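For reference, positions follow the sequence shown, starting with 1. Given the structure is predicted, the values throughout are model-derived calculations rather than measurements. When reading the values below, keep in mind they use all heavy atoms of this one structure, side chains included, and skip hydrogens, waters and symmetry mates.
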Amino acid sequence: MPRMLAAIFALFLLPATVWAQTPPDEASAFIEGLGARAVEVLQDQTISLEEREAKLRGIVAESFEVQEIGRFVLDKAWGRANEEERSEYLDLFADYVLQTYTKRLGGYSGQTLNIQDSKVYRERLALVSTTIEQQGAEDTKVDWLVRKKDGAIKILDVVIDGKSMTLTQKREFASIIAREDIGGLLQLLRLKVSKYSAQG
């Protein structure tokens, strides 16, 4: 996993003047707070399912560095895309990410998020290691790669049992672009986003 995270770090790296070191204690508190907020929403039976989902989407939107993740995931195709394609892609990707992680958080059924460790990663990021525990099931190891920028901590990647969600998405998109170019990726994202909206 360290080699994989190093690859993510290198591609997210920005000049030191833009962002400072991410304190591990703040990163840990941020992830713990994220889990607590999600559980609070999911356990709130005074509001409708649609309202709970909307609140979860808001939490995800606040917590993830969606625009930068989107550019990272598109990789070299970002340079080949025109301004119109970039704009549509970022809008679609934002919706797609919000849907994906909202569904993940929405799968809550009594699990407990426990912080195991939080440390500086490559000088300016922080890596928060957690386990998601549920009675009668094996623990799930989840690592959160986060960064503090402009006073706010945001998530750059989630690594579940050693599998980076960001790198997985990058590989999937690269495969689609290789076959159908960016137009094919945009069409797929349109379908995914519209399908989810119709289901909602």
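Checked for salt-bridge contact, Lys141 and Asp139 miss the test: no charged N lies under 4.0 Å from a carboxylate O. Ionic pairing of Lys149 and Glu68 is present here: one or more N-O contacts between side-chain nitrogen and carboxylate oxygen are shorter than 4.0 angstrom.
The list of ring pair (Phe, Tyr, Trp, His ring centres under 6.0 Å) pairs with a residue in residues 45-67, not counting sequence neighbours, reads Phe64-Tyr101. Applying the ring pair (Phe, Tyr, Trp, His ring centres under 6.0 Å) rule to pairs touching residues 137-167 yields nothing, sequence neighbours excluded.
In this view, Ile132 and Gln111, Leu113, Thr140, Val142 satisfy the side-chain contact (heavy atoms from CB on, under 4.5 Å) rule, not counting sequence neighbours. Under the ring pair (Phe, Tyr, Trp, His ring centres under 6.0 Å) criterion, Phe173 pairs with no residue, sequence neighbours left out. Shown here are the side chain to side chain donor-acceptor pair (under 3.5 Å) partners of Asn114, two or more places apart in sequence or in another chain: Glu133. Taking the side-chain contact (heavy atoms from CB on, under 4.5 Å) definition, one finds that Thr46 meets it with Asp44, sequence neighbours left out. In terms of the salt bridge (Lys or Arg N to Asp or Glu O under 4.0 Å) criterion, Glu51 has no residue partners (sequence neighbours excluded). Legend: residues meeting side chain to side chain donor-acceptor pair (under 3.5 Å) with Ser175, ordered by chain and number and at least two apart, are Arg179. With sequence neighbours left out, Glu138 forms a salt bridge (Lys or Arg N to Asp or Glu O under 4.0 Å) with no residue at all. In terms of the side chain to side chain donor-acceptor pair (under 3.5 Å) criterion, residue partners of Gln187 (sequence neighbours excluded) are, by chain and number, Arg190. Scanning for side chain to side chain donor-acceptor pair (under 3.5 Å) contacts around Arg52 gives an empty result, with sequence neighbours left out.
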Before giving the answer on side chain to side chain contact (heavy atoms under 4.5 Å, CB included), spell out for Val60 and Leu56 the whole-Å C-alpha distance, their side-chain angles and the decisive distance to 0.1 Å. CA-CA 6 Å; Val60 172; Leu56 282 178; 5.5 Å; no
Verdict with reasoning, Arg86 to Glu83, per salt bridge (Lys or Arg N to Asp or Glu O under 4.0 Å): CA-CA 5 Å; Arg86 289 180 180 180; Glu83 288 302 317; 3.4 Å; yes
Verdict with supporting geometry, Leu185 and Glu180, side chain to side chain contact (heavy atoms under 4.5 Å, CB included): CA-CA 7 Å; Leu185 175 63; Glu180 304 176 42; over 6 Å; no
Quick one: do Arg147 and Ile153 satisfy side chain to side chain contact (heavy atoms under 4.5 Å, CB included)? Show the steps, please. CA-CA 5 Å; Arg147 179 185 69 190; Ile153 294 179; over 6 Å; no
Just do the salt bridge (Lys or Arg N to Asp or Glu O under 4.0 Å) check on Lys55 and Glu40 with the steps written out, would you? CA-CA 10 Å; Lys55 284 192 173 185; Glu40 182 179 5; over 6 Å; no
Does Lys163 form a side chain to side chain contact (heavy atoms under 4.5 Å, CB included) with Thr168? I'd like the steps, not just the answer. CA-CA 8 Å; Lys163 183 178 180 180; Thr168 297; 3.4 Å; yes
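Between the Asp181 side chain and the Gly183 main chain, no donor and acceptor come within less than 3.5 Å of each other.
Residues Tyr89 and Trp78 meet the side-chain proximity criterion, which asks for heavy atoms closer than 4.5 Å. Residues Val120 and Leu125 form no side-chain contact, since every pair of their non-hydrogen atoms from C-beta on lies 4.5 Å or further apart. Using a 4.5 Å heavy-atom threshold, the side chains of Gln67 and Arg71 count as touching. A heavy-atom distance below 4.5 Å is found between the side chains of Phe93 and Ile69. Put simply, the side chain of Asp95 does not reach to within 4.5 Å of the side chain of Lys192, judged on heavy atoms. Looking at Gln99 and Arg57, their side chains come closer than 4.5 Å, going by heavy atoms from C-beta outward. In this structure, Ile160 and Met165 have side chains that are in contact, with non-hydrogen atoms separated by less than 4.5 Å. Residues Leu167 and Phe72 are in side-chain contact: their nearest non-hydrogen atoms beyond the backbone lie under 4.5 Å apart.
When all heavy atoms of Val128 and Ser118 are compared, the pair lying nearest together is CG2-OG, 3.6 Å. In plain terms, the two heavy atoms of Ile59 and Ser63 that are nearest each other are O-OG, 2.7 Å. For the residue pair Ile177 and Ala77, the shortest heavy atom distance occurs at CD1-CB, 3.7 Å. When all heavy atoms of Ala81 and Ile182 are compared, the closest pair comes out as CB-CD1, 3.6 Å.
Side chain to side chain, Thr166 and Asp157 meet the donor-acceptor criterion of an N or O pair below 3.5 Å. Looking only at atom types and distance, the side chain of Thr130 has no donor-acceptor partner in the side chain of Gln116 under 3.5 Å away.
Remark: Lys119 NZ to Thr22 OG1 distance equals 14.5 Å, nearest 0.5 Å. Taking CG from Leu92 and CD from Glu85, the interatomic distance works out to 12.0 Å, rounded to the nearest 0.5 Å.
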Considering only distance and modelled atom types, tabulate donor-acceptor pairs under 3.5 Å from the side chains of residues 25-35, sequence neighbours left out.
residue : atom : partner : partner atom : Å
Glu26   : OE1  : Lys148  : NZ           : 2.9

